[in-house]
Amino acid sequence: PSPVADETGADGLVGSAISGGIAFTTFCLERTEYFYAWDTPYSYTIAPYAVGGGANLDPTTPGKDYLDPRSAWLYYNFRTGAIANTAFNKEALQVAFWLIEDEMTLTGTPALGSVEAQALLYINDATGKWSDIGPVVVLNLYDTEHGQLQSQLGLTTVPEPTTLLLLGLGLMGLAGVGRKFRK
C-alpha cells in the first residue's frame with residue numbers, strides 16, 4: 001500500500017468516492033498487506049485486532065495484533081473532527097499508525113517539518129489520552145482471489161446523546177407504568 005492516502009485521488013484509501021457515492025475513509029494498519037480494486041470480492045471480520053498482524057509482539061495472542069489505544073485515539077479524532085481546527089496531514093497520520101503499531105521504525109531524528117516529524121507529534125499528542133480503543137475497530141478484509149488480507153481502521157456507531165435521553169425516558173416511563181399496576 002502507498003503510505004500516501006490521497007483524499008482526492010482514485011486510490012480508494014481515504015475519502016475517495018466509490019460506486020454508490022460511499023466514502024471509504026480509513027488507513028492501512030499493516031505495511032505488508034495489499035488492497036485490490038473495488039471489484040475484488042472481500043470477506044471480513046470486525047475485531048479489536050489485526051488478524052495475523054505483521055508485528056505482533058505479544059506471544060500470548062498469536063495471530064492477533066491488538067490495536068494500540070494511541071492509534072484508536074488518533075483515528076477517532078481524525079474521523080469525528082473532535083479536535084477543533086485540526087487539519088490532519090494524512091500521509092503523516094498513516095506513518096504515525098505504522099510507527100505506533102510497530103510496522104516501521106525511524107532511524108535518527110527526522111528533519112523539522114518532515115512527514116516523520118509530524119507523525120511523531122501526532123504520537124506524542126495521542127499518548128496517555130485513551131486506555132482502550134473506544135468505538136474504533138479493525139476491519140480485516142479477506143481477499144480469497146489473491147489470498148491476501150488487509151487490515152483497516154473503522155469506527156463503530158455511537159448513539160448520540162438525544163437517542164440515549166429518549167431511551168432513558170422510555171425506560172423510566174415503563175418503570176412508572178409497572179409500579180402503577182403493582183399497586
Side-chain angles (χ1 to χ4, degrees), residues 1 3-7 11-18 20-31 33 35 38 42-58 60-61 63-104 118-143 149-172:
V4 179
D6 182 9
E7 190 166 48
D11 60 10
L13 290 177
V14 176
S16 297
I18 59 175
I22 298 169
F24 191 71
T25 306
T26 190
F27 292 86
C28 301
L29 278 178
E30 309 292 335
R31 282 188 82 179
E33 297 174 344
F35 191 77
W38 293 113
Y42 284 98
S43 299
Y44 69 92
T45 62
I46 296 174
Y49 52 81
V51 174
N56 183 3
L57 302 177
D58 184 357
T60 63
T61 60
K64 297 178 180 177
D65 191 359
Y66 281 89
L67 185 63
D68 188 292
R70 295 172 297 171
S71 292
W73 186 86
L74 285 169
Y75 184 68
Y76 177 80
N77 285 287
F78 166 76
R79 283 290 307 275
T80 64
I83 303 174
N85 301 318
T86 299
F88 284 99
N89 173 321
K90 292 167 195 68
E91 185 177 2
L93 196 53
Q94 178 65 79
V95 169
F97 292 134
W98 285 339
L99 288 169
I100 292 169
E101 300 299 329
D102 296 320
E103 293 298 315
M104 71 182 291
Q118 183 64 51
L120 291 176
L121 290 175
Y122 290 153
I123 294 168
N124 286 339
D125 200 30
T127 301
K129 295 291 195 314
W130 282 5
S131 59
D132 61 21
I133 64 170
V136 178
V137 295
V138 179
L139 174 65
N140 295 294
L141 299 169
Y142 299 91
D143 168 17
L149 169 71
Q150 174 58 271
S151 299
Q152 310 261 324
L153 290 168
L155 193 59
T156 60
T157 306
V158 178
E160 54 185 86
T162 307
T163 304
L164 292 175
L165 177 64
L166 286 173
L167 176 64
L169 289 173
L171 290 174
M172 287 182 1

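Along the sequence shown, residues carry numbers from 1.
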Would you give the length of the straight line joining atom [atom1] of [X] to atom [atom2] of [Y], rounded to the nearest 0.5 angstrom?
X      : Y      : atom1 : atom2 : answer
Asn140 : Gln150 : CG    : CD    : 9.0 Å
Ser151 : Asp65  : OG    : CG    : 8.0 Å
Leu74  : Arg79  : CG    : CZ    : 14.5 Å

Are side-chain heavy atoms of Val138 and Ile133 found at a separation under 4.5 Å?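 A side-chain contact is absent here, since even the closest heavy-atom pair is not under 4.5 Å.
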
Considering residues at least two apart in sequence or located in another chain, which fulfil the side-chain hydrogen bond (donor to acceptor under 3.5 Å, both in side chains) criterion with Asn77?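 Result, side-chain hydrogen bond (donor to acceptor under 3.5 Å, both in side chains) vs Asn77: none returned.
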
Who pairs with [X] by side-chain contact (heavy atoms from CB on, under 4.5 Å), at least two apart in sequence or on another chain?
X      : result
Ala119 : Val95, Ala96, Leu99
Tyr44  : Ile46, Leu139, Leu141
Asn124 : none

Closest approach of [X] to [Y] (non-hydrogen atoms, all atoms of both residues):
X      : Y      : result
Ala92  : Asn89  : N-OD1, 2.9 Å
Pro135 : Trp130 : CD-CH2, 4.0 Å
Tyr75  : Val136 : CD2-CG1, 3.9 Å

Partner residues of Phe97 under the ring-ring contact (aromatic ring centres under 6.0 Å, His included) criterion, sequence neighbours left out: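 Listed in chain order: Phe27.
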
Can you tell me if Trp73 uses its side chain to pair, donor with acceptor, with the backbone of Asp125 under 3.5 Å?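 No, Trp73 side chain to Asp125 backbone: no donor-acceptor pair under 3.5 Å.
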
